[in-house]
Amino acid sequence: GAVVSQHPSRVICKSGTSVKIECRSLDFQATTMFWYRQFPKQSLMLMATSNEGSKATYEQGVEKDKFLINHASLTLSTLTVTSAHPEDSSFYICSARAEGRADTQYFGPGTRLTVL
Amino acid sequence: DAKTTQPTSMDCAEGRAANLPCNHSTISGNEYVYWYRQIHSQGPQYIIHGLKNNETNEMASLIITEDRKSSTLILPHATLRDTAVYYCTSPQGGSEKLVFGKGTKLTVNP
């Protein structure tokens, strides 16, 4: 149990385009999901907290108009990178918090975004 | 903030126990300690979590000191597939957000 999926696993796009990444909790419901970004040889950096039915909470320095988050159901959160630029190229990882399991976060496999 | 510190790297021989330490001296009394590991280019994999008591599951054991200021993750019989970066983490001061440090890069050698 506690499986989280992400789609796509890898995406290459042109500069200026938008990319949507989906995060799904497959066998549990998640009121809260989280989005992280990881650059090469660095640790995970939290970008935002996604709450079902309400606005996401962004960490300091993360542009909410650039990284749009929607958490429309208890099993799905999406991250849209708008007007992507090469510096947005990174490994994006989501996690879903399993309430009732000591609030353990379970992570998706990640999405590798490359902006040309 | 519940910050954690871990050694940058460790080596272990295949078949031997790997003991990975973590200091979390600022953790609050009701905050769990979670351990994850990340293999290159994959999302972090949940290993185990604990609050006060020692815990064991099919992957590992977690030993938490009585004062809760540190813990040790034990992989009883390390295999080559256990080579990964291991993260010890805890919620950030009263919130549900996890803060990740640099973790410990464990290399299991044949």
Side-chain angles (χ1 to χ4, degrees), chain A residues 1-7 9-10 21 23-28 30-52 56-60 62 90-114, chain B residues 1-9 22 27-55 57-60 62 64 68 71 73 84-105:
Chain A
V3 179
V4 177
S5 69
Q6 275 185 247
H7 178 79
S9 58
R10 186 180 297 267
I21 302 170
C23 176
R24 294 180 185 272
S25 56
L26 298 185
D27 52 1
F28 66 101
T31 304
T32 306
M33 292 184 175
F34 302 86
W35 287 96
Y36 296 81
R37 181 166 53 181
Q38 186 175 34
F39 292 107
K41 297 186 178 181
Q42 294 188 21
S43 188
L44 286 80
M45 292 296 296
L46 180 66
M47 299 175 64
T49 302
S50 169
N51 298 295
E52 187 267 337
T57 304
Y58 292 81
E59 294 301 299
Q60 191 173 11
V62 178
S90 189
F91 192 50
Y92 291 86
I93 312 168
C94 73
S95 70
R97 186 171 68 113
E99 295 154 18
R101 302 190 198 188
D103 291 339
T104 300
Q105 289 186 31
Y106 295 92
F107 287 81
T111 297
R112 174 75 59 191
L113 171 63
T114 302
Chain B
D1 293 356
K3 295 180 180 177
T4 61
T5 56
Q6 300 175 254
T8 303
S9 64
C22 176
I27 197 171
S28 297
N30 60 348
E31 290 174 344
Y32 283 89
V33 176
Y34 302 91
W35 281 82
Y36 295 86
R37 70 181 182 185
Q38 187 177 28
I39 296 171
H40 183 61
S41 296
Q42 297 182 25
Q45 177 189 21
Y46 164 77
I47 301 173
I48 198 167
H49 71 273
L51 184 62
K52 295 180 181 179
N53 300 321
N54 298 337
E55 303 288 345
N57 63 20
E58 64 278 4
M59 288 184 69
L62 177 60
I64 303 175
R68 299 193 72 237
S71 61
L73 178 75
V85 177
Y86 287 76
Y87 295 101
C88 160
T89 181
S90 191
Q92 184 182 26
S95 80
E96 55 201 353
K97 299 186 288 187
L98 296 179
V99 177
F100 285 84
K102 295 184 183 298
T104 296
K105 179 171 174 53

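Just the heavy atoms: all of them, side chains too, but no hydrogens, waters or symmetry mates, feed the values below. So you know, we letter chains A, B, ... as the sequences are listed, proteins then strands, and number each from 1.
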Side-chain donor or acceptor of [X] paired with backbone N/O of [Y] under 3.5 Å:
{"X": "A:Gln42", "Y": "B:Lys102", "value": "no"}
{"X": "A:Asn51", "Y": "A:Thr32", "value": "no"}
{"X": "A:Thr111", "Y": "A:Arg10", "value": "no"}

### Query
Does the separation of the ring centres of A:Phe107 and B:Phe100 fall below 6.0 angstrom?
yes
### Query
Hey, do the aromatic rings of B:Tyr87 and B:Tyr36 have their centres closer than 6.0 Å?
no
### Summary
Honestly, the part of A:Thr104 sitting under 4.5 Å from a heavy atom of chain B is both
### Task
Pick one of side chain, backbone, both or neither for A:Leu46, based on which atoms fall under 4.5 Å of a heavy atom in chain B.
side chain
### Message
Under the rule for salt bridge (Lys or Arg N to Asp or Glu O under 4.0 Å), what residues qualify as partners of A:Glu52, not counting sequence neighbours?
### Response
none
### Query
So which residues of residues 45-54 of chain B are in contact with chain A at a heavy-atom cut-off of under 4.5 Å?
B:Tyr46, B:His49
#### Entry: When A:Pro109, A:Ser95, A:Gly110, A:Ser9 are compared by non-hydrogen pairs under 4.5 Å with chain B, the top option
A:Pro109
### Message
Need one label for B:Lys97: side chain, backbone, both or neither, based on atoms under 4.5 Å from any heavy atom in chain A.
### Response
both
### Query
Which distance, rounded to the nearest 0.5 Å, do you find between the OG of A:Ser43 and the CZ of A:Arg37?
13.5 Å
### CA sep, side-chain torsions, deciding dist, call: A:Gln38, B:Gln38, side chain to side chain donor-acceptor pair (under 3.5 Å)
CA-CA 12 Å; A:Gln38 186 175 34; B:Gln38 187 177 28; 2.8 Å; yes
